2 protein chains.
Amino acid sequence: MKGNQSEASIQPLLDYFDRLIPLNRVEKELIAEKFHPRLYRKRQYALQEGDVCTQFYFVVRGCLRMYKVDDKGVTHILQFAAENYWINDLGSFHSIKPSELNIDALEDTMVLQISHKDLIELYMQAPKFDRIFRVLVENSFIRLQKRLLQNISSTAEERYQSFFEVYPHLSNRLPQVQIAAFLGITPEFLSRLRKRLSKTPRAKS
Amino acid sequence: MKGNQSEASIQPLLDYFDRLIPLNRVEKELIAEKFHPRLYRKRQYALQEGDVCTQFYFVVRGCLRMYKVDDKGVTHILQFAAENYWINDLGSFHSIKPSELNIDALEDTMVLQISHKDLIELYMQAPKFDRIFRVLVENSFIRLQKRLLQNISSTAEERYQSFFEVYPHLSNRLPQVQIAAFLGITPEFLSRLRKRLSKTPRAKS
DNA sequence: GTTCCCCAATGACCTAGGTTAAGAAATAGC
DNA sequence: GCTATTTCTTAACCTAGGTCATTGGGGAAC
């Protein structure tokens, strides 16, 4: 049963990579060897602030969030990661320094995780992964840049509406309080926005 | 004179890469072959919105900025790039789609630039560059994430003070109006901040 | 079924930062 | 040196979004 589970849970990652670039048998075996499945129950931490982020997570099923808690106790969400998304604190991961971020599960979440040491080995043993991860991090960068640009140039209302276009798979899965923390607004203000929008539907944009 | 100039301006890039990871002779020749020097005069565009970003720029001397102009005509600066920094609109560059961003020169700027086609060839001919650029983009990602986090959780004053720590090489080169556009505040508010700060010096942090 | 917890909505009041306009100072161009 | 342009500062007034407190609804746990 345990072997079957382990085998069943690597396949999504192989499928994911195969969609990017075909892997040969050796490369697939390296993946199976270095990625480990892990279940995080709702509310469990994958990373706590003050600890080093030692793993790189690929979400197979469920949803993680990465966030900072500021000195006033306010939660600021940097990223959600649901199925087929990667998540970690890259800065802490590579520098091996304590992170100021947290990663926890918004629902029971199955991930495939790889340690820093194993990832470096993977790059050495199969340089194709340099390309794969270069492309992955480029795409993450592009997404993040769009978000920063939006954050400095759009209203909260524009950001809220954009959320549904960009994250359709998440928007009915997340409570409003989490969406607000991601958009950088208070839940109270989000309530107001929603009320305003339901009264004055926007023309199709 | 022209050969001498071309030779003189590739060296900073070779030095830069050598600091990351030693290059062999073939790899150095590829760099010399595929990167081209270009001078942008103050106010000249390297990229105009509506055009595809066809080049990846490495700044040898001077300073470029990348920004968006919103529908109210307000300028939002995403990035400055002075000596030894890279700049481009990665999204447009890779997707070959028109960019909504501009890149122009804040002072006369000498760059080494590489086209998308040449960069792809470089990856094919010297896979070591997959690693090099993966690391570069990861570092850019980490910086951008820090900036987003700061943007959603810090006050304008905190952001202004952090600017001097993070960009010491830029802060006495840039007019306040550019710093304001980078920090996401108005020049008027920045003036107020500066006045406030000069009256009540902050305790050493 | 009951209790507790979390989430969403609401209203009164507040504030960090924006807008508009104008004047002064510094810089650039001829 | 003179003129034009850009940058910086300032004040009065404004607003998008925050804070605090409360209520109601739904889901989870026992």
Side-chain angles (χ1 to χ4, degrees), chain A residues 41-44 63 65 67 69-77 80 104-108 150-164 170-200 202, chain B residues 41-44 62-63 65 67 69-77 80 104-109 150-164 170-200 202:
Chain A
R41 292 289 183 193
K42 185 176 179 179
R43 295 182 192 287
Q44 277 188 325
C63 185
R65 67 173 177 166
Y67 62 97
V69 181
D70 71 24
D71 45 20
K72 285 177 290 188
V74 181
T75 295
H76 305 281
I77 297 175
F80 295 118
D104 68 10
L106 290 173
E107 54 197 59
D108 290 359
Q150 203 185 35
N151 216 281
I152 59 182
S153 63
S154 304
T155 61
E157 184 170 318
E158 285 160 349
R159 276 182 278 126
Y160 175 66
Q161 296 193 308
S162 160
F163 185 81
F164 292 93
L170 286 183
S171 40
N172 57 3
R173 250 163 108 169
L174 298 175
Q176 301 301 306
V177 81
Q178 300 296 342
I179 295 176
F182 180 78
L183 295 177
I185 61 179
T186 62
E188 291 89 359
F189 191 69
L190 182 54
S191 275
R192 287 209 198 92
L193 268 194
R194 285 156 53 86
K195 178 171 176 175
R196 213 156 74 197
L197 287 172
S198 69
K199 283 190 171 172
T200 64
R202 299 289 305 252
Chain B
R41 293 290 183 191
K42 187 176 176 179
R43 297 183 188 287
Q44 277 189 323
C63 185
R65 69 176 174 164
Y67 61 97
V69 181
D70 71 24
D71 46 19
K72 286 177 291 187
V74 182
T75 294
H76 306 281
I77 297 176
F80 295 118
D104 68 10
L106 290 173
E107 55 198 56
D108 290 359
T109 304
Q150 204 185 35
N151 217 281
I152 60 180
S153 64
S154 305
T155 61
E157 184 170 315
E158 285 160 350
R159 277 184 276 124
Y160 175 66
Q161 297 194 306
S162 161
F163 185 81
F164 293 92
L170 286 184
S171 40
N172 57 3
R173 253 163 104 167
L174 297 175
Q176 302 303 306
V177 81
Q178 301 297 340
I179 295 175
F182 180 79
L183 295 176
I185 62 179
T186 63
E188 291 87 3
F189 191 68
L190 182 55
S191 272
R192 285 211 200 95
L193 268 195
R194 285 156 53 84
K195 177 171 178 174
R196 214 157 72 194
L197 287 172
S198 71
K199 283 190 172 174
T200 64
R202 299 289 306 253

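This one's a predicted model, so the numbers in the text were calculated from it and none came from an experiment. Below, chain A is the first sequence line, B the second, and so on; all start at residue 1.
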Stepwise, does the side chain to side chain contact (heavy atoms under 4.5 Å, CB included) test hold for A:L106 with A:F80?
CA-CA 9 Å; A:L106 290 173; A:F80 295 118; 3.7 Å; yes
Side chain to side chain contact (heavy atoms under 4.5 Å, CB included) between A:S153 and B:V74, worked out:
CA-CA 9 Å; A:S153 63; B:V74 182; over 6 Å; no
Working for salt bridge (Lys or Arg N to Asp or Glu O under 4.0 Å), residues A:D104 and A:R43
CA-CA 6 Å; A:D104 68 10; A:R43 295 182 192 287; over 6 Å; no
Could you walk me through whether A:Q161 and A:L197 pass side chain to side chain contact (heavy atoms under 4.5 Å, CB included), step by step?
CA-CA 10 Å; A:Q161 296 193 308; A:L197 287 172; 3.5 Å; yes
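Between the CZ atom of A:R194 and the C1' atom of C:dA9 there is a distance of 10 Å, rounded to whole Å. Here the P atom of nucleotide C:dA8 and the CG atom of A:L174 are 10 Å apart, to the nearest Å. Between A:L190 atom CG and C:dT10 atom P there is a gap of 12 Å when expressed in whole angstrom units.
More than 12 heavy atoms of other residues, nucleotides or ligands sit less than 6.0 Å from atom CZ of B:R173.
Protein chain A touches strand DNA chain D; the 5'-most and 3'-most nucleotides with an atom under 4.0 angstrom of its non-hydrogen atoms are D:dG17 to D:dA21.
At least one donor-acceptor pair under 3.5 Å links the side chain of B:D108 to the backbone N or O of B:K42. The closest donor-acceptor contact from the side chain of B:Q178 to the backbone of B:P175 lies at 3.5 Å or more, if one exists at all.
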Collect all protein-nucleotide pairs involving nucleotides 19-25 of chain C in which both atoms are nitrogen or oxygen and the distance is under 3.5 Å.
residue	atom	partner	partner atom	Å
C:dT19	O4	B:R192	NH2	3.2

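Dashed line: the shortest gap from a side-chain N or O of A:K195 to OP1 or OP2 of C:dA9 is not under 4.0 Å.
Heavy atoms of A:P187 sit nowhere under 4.0 angstrom from any nucleic acid atom.
B:R65 has its side chain out of reach of B:F182: every pair of non-hydrogen atoms, C-beta onward, lies at least 4.5 Å apart.
Heavy-atom distances to DNA chain C give each of B:K42 and B:G184 a nearest nucleotide, and the one nearer the 5′ end belongs to B:G184.
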